[in-house]
Every structure is written in structure tokens, then in C-alpha cells.
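One structure is given here, and the rest of the page talks about it.
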Amino acid sequence: MDEGERLQKVLARVGLGSRRTCEELIAEERVRVNGEIAELGRRVHPDVDLVEVDGAPIGIRPDLVHYLLNKPAGVVTTAADPQGRPTVVELVPAEPRVFPVGRLDLDTEGLLLLTNDGELANRIAHPSHGVDKEYLAQVRGTPSRAALRALREGVELDDGPTAPAQASLTAEGLVKLTIHEGRNRQVRRMLDAVGHPVERLIRTRIGPVADRRLAPGAWRSLTGAELRALERAVADAGRITSGPGRDAR
Ligand code: URA
């Protein structure tokens, strides 16, 4: 990985003051990188490292909104549908304009983020940062232990094998599956591949964000704590995937 950028330069770019002022912020120990107090001279990768000033990620800006929607079945994950079906953006405020982060199939229910924060959206959606996503799938039949093991170890799909996942049976015919890739119809295809087609699919968690009480069709803003946890999850996932000495971008 290259050396990154000087921290005071990154802070100045997001509007925290001149480089000199930003150096003072660092000297006053008000800046943390990945949870640790930063020292002068520190270099960072702003798209991977979590930089906080006085406890707030520098990415947070008042003009940015981050919504968590519980998508009902039958709603499309696009901004506009040529066939006139209801869309997820119609379920949240029209202004400021937001877009969905990733996508859920027409018939998939559950948690979906919508935001006007393009940078965070890209980082969440980018496979090298892929935060884990948890799904609850009601399937035909009840998967055997061997089928669950296959889901965990990776199944062969027509676009290649899946990465290791977490899979468990929570009740008869109810599979909890956690993946961090985001391929098209991935959960449905994985369960098809082990002989248990999905009858109902719900996304129950996006990285650190979950909400069992949000009703279908309802939305709310992410809390500051959720946003920070999400920023951190994206930074951690980028580091884990890139490993030492490789460029995460
Ligand atoms: N996997 C699927 O198969 N469908 C979704 O909507 C999301 C993940």
C-alpha cells in the first residue's frame, strides 16, 4: 500500500481549517485514526482509515442523510421504474434526493440503506470493503448439516464459487445466512444450489445496523452511533480484505 496522505492535509480538505489549524487539532490530541490518538506526521488512507475529530467521523456533514428502510416485498430498488411499479425512493422523503445502497430483489424484504452520501455508499457497496449482510431465508424443505456446511464453505455458482459464509438453521426451514459479497440474487442462488429454493427472504442486518422494530415500509435516519459503527465496519472490512502491503482501492 502507498504511504497515504498527511493527516492535516486530509483534515483541511474536508473543511476543518487551514493545514496549520489542523496540525493544532492533531497536537491537541483531538484527532483519532482507527480509534487511536493520531500523532503529527501521521499518514492516512482516507477511504480506508476511520478519521475522527472530537469523536465524530470527518465524513459526517450536515447535508448528508442516511436512511434505514424496511423494504416490503413488491417494491423495486431503483429511483424510477419504467414499468411503473412502486420504488424504494418513494418510501422516503423526496428531498434531498437519495439513492439506494446496493439492491434487494423485488420480492426480498428487509433492511436497505438510502443516502445522498456517495462516498459512503461506494465504500459499502465496493466488494473489497463489503460489510457483512445477514439474511433470514424461509426455504423449501429443511437443509441438512451437509447443506449448511456447503453454504459455509462456498457453493459453486455460474459466476464462480461463493466466499465462506455463516449459515445456521434457526427453525425448521428457516436459514440464517451471513455473506459479505453482493452478487446478483446471491442468497437465492446459494440456497437453490444446495436444493432448498427460497420462499421468502428478509435482510435482517447490514454490518452493525439492525432493527427488529422497524415496520415494513417504514424508515428512520441512522443514529450517529450507527453511522460511526458503519464507517468503522467499512474501514475494518477494507483493511481485512486488503491485508498488509496491498492497496485496498
Ligand atoms: N440475495 C438475494 O438473493 N436477493 C437479495 O435481494 C439479496 C441478496
Side-chain angles (χ1 to χ4, degrees), residues 67-81 83 85-92 98-115 120-143 147-148 150-170 173-212 214-219 230 233-234 237 241:
Y67 302 138
L68 181 68
L69 170 73
N70 185 353
K71 176 191 164 316
V75 176
V76 260
T77 310
T78 46
D81 182 48
Q83 296 175 48
R85 293 170 297 186
T87 71
V88 289
V89 296
E90 291 164 8
L91 294 173
V92 297
V98 292
F99 48 87
V101 179
R103 103 178 239 292
L104 292 178
D105 301 333
L106 180 68
D107 288 331
T108 302
E109 303 158 59
L111 301 181
L112 180 73
L113 294 172
L114 294 109
T115 183
L120 181 65
N122 283 339
R123 288 159 67 190
I124 294 171
H126 195 284
S128 75
H129 296 273
V131 296
D132 59 347
K133 287 142 197 136
E134 181 189 277
Y135 296 87
L136 202 54
Q138 189 180 313
V139 298
R140 200 176 309 155
T142 292
L148 292 171
L151 291 169
R152 282 185 209 117
E153 290 173 358
V155 294
E156 196 60 52
L157 300 181
D158 53 14
D159 52 358
T162 59
Q166 289 169 40
S168 58
L169 203 60
T170 62
L174 215 52
V175 178
K176 186 160 88 177
L177 193 58
T178 306
I179 61 173
H180 59 81
E181 302 172 284
R183 296 198 232 160
N184 194 27
R185 300 181 71 81
Q186 182 168 342
V187 172
R188 292 175 196 274
R189 290 190 294 141
M190 286 174 77
L191 285 156
D192 269 344
V194 296
H196 295 278
V198 168
E199 289 174 343
R200 185 176 175 197
L201 184 59
I202 307 173
R203 181 151 72 186
T204 46
R205 184 170 60 76
I206 303 168
V209 179
D211 189 336
R212 285 164 174 253
L214 196 63
W219 65 274
L230 200 54
V234 174
T241 317

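Every number for a ligand or one of its atoms is a count from 1 in the order of the listing. Everything numeric in this text was worked out from a predicted model, so none of it was measured.
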Open item on the list: When you compare ligand 1 with Tyr135, is there at least one nitrogen or oxygen pair between them that comes in under 3.5 angstrom?
Closed with: no
Task: Side-chain heavy atoms of Arg203 within contact of Val187, under 4.5 Å - done: no
- [ ] Report yes or no: do Arg189 and Asn184 form a side-chain donor-acceptor pair below 3.5 Å?
- [x] no
Task: Close-contact set for ligand 1 against Thr108 heavy atoms, below 4.0 Å - done: 4 (N), 5 (C), 6 (O)
- [ ] Heavy-atom distances under 4.0 Å are what count here, so tell me which part of Leu201 touches ligand 1: side chain, backbone, both or neither.
- [x] side chain
Open item on the list: Counting non-hydrogen protein atoms only, what is the nearest one to atom 4 (N) of ligand 1? Give residue, atom name and distance.
Closed with: Asp105 OD2, 2.7 Å
TODO: Indicate whether any N or O donor in one side chain lies under 3.5 Å from an N or O acceptor in the other, for Arg103 and Thr78.
DONE: no
- [ ] State, yes or no, whether a side-chain contact exists between Leu68 and Leu111 at a heavy-atom distance under 4.5 Å.
- [x] yes
TODO: Please could you name the atoms of ligand 1 that Leu104 approaches to less than 4.0 Å, counting only its heavy atoms?
DONE: 6 (O), 7 (C)
Task: N or O pair under 3.5 Å between Arg185 and ligand 1 - done: yes
Open item on the list: Please check whether Val187 reaches ligand 1 - meaning an N/O of the residue sits under 3.5 Å from an N/O of the ligand, judged on distance alone.
Closed with: yes
- [ ] State, yes or no, whether a side-chain contact exists between Val198 and Gln138 at a heavy-atom distance under 4.5 Å.
- [x] no
Task: Side chain to side chain, Leu120 and Thr115, heavy atoms closer than 4.5 Å - done: no
